[in-house]
Chemist: 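Supplied in structure tokens, the structure appears directly below.
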There are 2 protein chains.
Amino acid sequence: MKDRAHSKIRLLLVDDHPVVREGIKFSLAKKRNIDIVGEASDGKQAIRKAKKLSPDVILLDINMPRVSGLEAARRLRSASPKSKILAFTMHDSKEYVLRISRLGAKGYVFKDDSPADVVRAIEAVHKGGVYFSPRASKHILKEYVRATMNTEDSTILGLSQQEYEVLRCIASGLSSKEIAAQLKVSARTVDTHREHIMEKLDIRTVAGLTRYAIREGLVTLE
Amino acid sequence: MKDRAHSKIRLLLVDDHPVVREGIKFSLAKKRNIDIVGEASDGKQAIRKAKKLSPDVILLDINMPRVSGLEAARRLRSASPKSKILAFTMHDSKEYVLRISRLGAKGYVFKDDSPADVVRAIEAVHKGGVYFSPRASKHILKEYVRATMNTEDSTILGLSQQEYEVLRCIASGLSSKEIAAQLKVSARTVDTHREHIMEKLDIRTVAGLTRYAIREGLVTLE
DNA sequence: CGCGGCATCCGTAAAAGTACGGATGCCCCA
DNA sequence: TGGGGCATCCGTACTTTTACGGATGCCGCG
């Protein structure tokens, strides 16, 4: 076994489910080069602990109650700039992968990836690399080729900020009228956004949009 | 340590997330009286293994892709009648708790309960008892008092089988017309069910119904 | 500067959903 | 056997959503 004495990876574990934390701890128990220095069960706690501990790597569950994972990631970056953020989630979500990697996450692994992959990811990001689970990297690559050679094609999308807002509202069960009031634009404008969203996502029902928004973490289930 | 030699609890672990299975294994590693004799990552596999192993207890994740947890529970009962089913899930869902306990589950624990509670639950159901996490038992009790002294009040509900079907379809993004075709009833009937559902649940938007259905596990996110 | 993307606005029409009001037959159970 | 709950059906009216067609002004980028 090669392990350079003082290079233990200091890991902060953020997940609202104890059993998941246990799973990670178990997978990491035999890895002598990884040291779980803290745990948090929600975003606020995570930020506090990150500030105090400034861990090497933060394994961050994306689907948590209250503070959304994206929000947490944003704040964690400033709370502990040197920590590498490794996103950890249940669902394969294109938008999520893209957004969180734009927010500076160094990797993305799924809860149904093998524990060994999670370990690999932790080691990779700690060494300054990146690690995206195949399903996640697929999205990154697609986005990348699109961004580089952006002639024609174009059939790809990305919702605007306002469209995300509207989508969030739709999935929360608001009507166009209510959304208009909330966002302080005309109801007709909301309708237009609605149509654009459906076009871009190619989803034509509220139920579908709602499920999409939940997958994306735009709204919580509770 | 008291442990009567031959009374190890033979446990079958059913969860689609490796990390969760690891978590359970870790929590159970020190418990010498529990023996994980098998694992499954989906309903079909679970049924196969249950048949072969006929474990004492089946720890069953409810929110799994493909075969719904309820469906799996139903089939597990006949696949391995002697196994005690312990439901294991993320979300606090009244309807789910009630339905799965009606299906014969002997307990209900959440993924954010402490691992120690999960262990307690396993031991309890194995001894022929029941174990419902406080949040789950709350629903059971409420239902119980309602069932016993059923004078007045009545404001409580329970969707009919058909209504559940309609709800599932709605949340899947089907229109009333499509649902009618699928369930082979008139579109107008579907509308009526729709209204009854909304009344009973006091949810008046498709988005709300969709979120409810996802919480209940009637539809999956994918 | 021009061009493309975005946010904002508008009209119209058809489709779908929501909200009332009713009805019938079935089956279980007191 | 009678009442209650359920599934099924119906009409009518209103609201909302979906889909199509447009428009303007702003801003960044080559």
Side-chain angles (χ1 to χ4, degrees), chain A residues 143 146-213, chain B residues 95 99 143 146-213:
Chain A
E143 178 66 13
R146 194 186 71 84
T148 48
M149 51 88 147
N150 63 355
T151 44
E152 54 157 342
D153 189 81
S154 81
T155 56
I156 340 214
L157 25 64
L159 301 185
S160 75
Q161 199 52 45
Q162 191 77 342
E163 285 167 339
Y164 272 115
E165 276 310 297
V166 171
L167 175 53
R168 210 176 43 69
C169 291
I170 292 173
S172 305
L174 300 180
S175 73
S176 292
K177 221 179 276 183
E178 295 167 319
I179 297 170
Q182 179 146 337
L183 300 185
K184 303 220 264 277
V185 298
S186 99
R188 203 53 191 67
T189 298
V190 173
D191 280 341
T192 305
H193 287 320
R194 223 192 176 95
E195 292 161 37
H196 290 164
I197 294 166
M198 288 181 166
E199 235 168 69
K200 289 180 180 180
L201 302 181
D202 194 35
I203 297 175
R204 265 143 243 284
T205 64
V206 173
L209 291 180
T210 305
R211 292 204 310 275
Y212 180 88
Chain B
E95 292 299 329
R99 291 176 77 194
E143 178 67 12
R146 193 185 72 81
T148 48
M149 54 90 151
N150 62 356
T151 45
E152 57 157 342
D153 189 83
S154 79
T155 57
I156 341 216
L157 26 67
L159 302 185
S160 75
Q161 198 51 44
Q162 191 76 343
E163 284 166 342
Y164 271 114
E165 276 310 296
V166 171
L167 175 52
R168 208 175 44 70
C169 291
I170 292 173
S172 305
L174 301 180
S175 73
S176 291
K177 219 180 277 183
E178 295 168 319
I179 298 170
Q182 179 147 335
L183 301 186
K184 301 217 266 276
V185 298
S186 99
R188 202 53 191 71
T189 298
V190 173
D191 280 340
T192 305
H193 287 319
R194 223 192 176 97
E195 292 161 36
H196 290 164
I197 293 166
M198 289 181 165
E199 236 168 70
K200 289 180 179 179
L201 302 180
D202 194 33
I203 298 175
R204 264 143 242 283
T205 64
V206 174
L209 291 181
T210 305
R211 291 204 309 276
Y212 179 88

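All chains are named by letter (A, B, ...) in the order of the sequence lines, taking the proteins before the strands, and each is independently numbered beginning at 1. The figures that follow rest on heavy atoms only: side chains count, while hydrogens, waters and symmetry mates do not.
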Chemist: Quick one: OG1 on Thr192(B) to CD1 on Ile197(B), what's the gap to the nearest 0.5 Å?
Modeler: 10.5 Å

Chemist: Does a side-chain heavy-atom distance below 4.5 Å link Val206(A) with Arg194(A)?
Modeler: yes

Chemist: Measure from the side-chain heavy atoms of Met198(A) and tell me the nearest of dT8(D), dC9(C), dT18(D).
Modeler: dT18(D)

Chemist: Any side-chain N or O of Lys177(B) under 4.0 Å from OP1/OP2 of dA16(C)?
Modeler: yes

Chemist: Can you tell if the side chain of Thr189(B) reaches within under 4.5 Å of the side chain of Leu183(B), non-hydrogen atoms only?
Modeler: no

Chemist: Atom CD1 of Ile179(A) and atom P of dA7(C): how far apart are they, to the nearest Å?
Modeler: 15 Å

Chemist: Which listed nucleotide (dT8(D), dA16(C), dT8(C)) is nearest to the side chain of His193(B)?
Modeler: dT8(D)

Chemist: By the 4.0 Å heavy-atom rule, please label Ser176(A) as base, sugar-phosphate, or nothing.
Modeler: sugar-phosphate

Chemist: Compare all side-chain heavy atoms of Leu201(A) with those of Leu209(A) and state whether any distance is below 4.5 angstrom.
Modeler: yes

Chemist: When rounded to the nearest 0.5 angstrom, what is the spacing between CD in Glu199(A) and CZ in Arg204(A)?
Modeler: 7.0 Å

Chemist: dT16(D), dC10(D), dA7(C): which one has an atom nearest the side-chain heavy atoms of Thr192(B)?
Modeler: dC10(D)

Chemist: In terms of the nearest nucleotide of DNA chain D, which residue is placed more toward the 5' end: His196(A) or Leu174(A)?
Modeler: Leu174(A)

Chemist: Once you round it to whole Å, what is the distance between C1' of dT17(D) and CD1 of Ile203(A)?
Modeler: 16 Å

Chemist: Checking all strands, does Ser186(B) fall into the base, sugar-phosphate, or nothing category for heavy-atom contacts under 4.0 angstrom?
Modeler: sugar-phosphate

Chemist: If I take atom CD in residue Glu178(A) and atom P in nucleotide dT18(C), what distance separates them, rounded to the nearest angstrom?
Modeler: 13 Å

Chemist: Using whole Å, what does the distance between atom P of nucleotide dA19(D) and atom NZ of Lys200(A) come to?
Modeler: 16 Å

Chemist: Report which part of the nucleic acid Gln161(A) touches: base, sugar-phosphate, or nothing (heavy-atom distance under 4.0 Å, all strands).
Modeler: sugar-phosphate

Chemist: Look at the side chain of Gln162(B) and decide which nucleotide, out of dC9(D), dA7(D), dA19(C), has an atom nearest to it.
Modeler: dA7(D)

Chemist: Would you kindly give the NZ-to-C1' distance between Lys184(A) and dA7(C), to the nearest whole Å?
Modeler: 17 Å

Chemist: Give the rounded distance in Å between these two atoms: OH of Tyr164(B) and P of dC6(D).
Modeler: 12 Å

Chemist: Using a heavy-atom cut-off of 4.0 Å across all strands, would you classify Glu195(B) as base, sugar-phosphate, or nothing?
Modeler: base

Chemist: Which nucleotide, dT8(C), dT18(C), dT17(D), lies nearest any side-chain atom of Arg194(B)?
Modeler: dT18(C)

Chemist: Could you tell me if the side chain of Gln162(B) sits less than 4.5 Å from the side chain of Val185(B), heavy atoms only?
Modeler: yes

Chemist: Which sits closer to the 5' end of DNA chain D, Arg204(A) or Val185(B), going by the nucleotide each is nearest to?
Modeler: Val185(B)

Chemist: With a cut-off of less than 4.0 Å, is there a side-chain N or O of Thr205(A) near OP1 or OP2 of dT18(D)?
Modeler: no

Chemist: Measure from the side chain of Ser175(B), starting at C-beta and using heavy atoms only, and say which of dA16(C), dC6(C), dT16(D) lies closest.
Modeler: dA16(C)

Chemist: Between atom CG in Asp202(B) and atom C1' in dA19(C), what is the gap in whole Å?
Modeler: 14 Å

Chemist: Rounding to an integer number of Å, can you tell me how far Asp191(B) CG sits from dA19(C) P?
Modeler: 12 Å

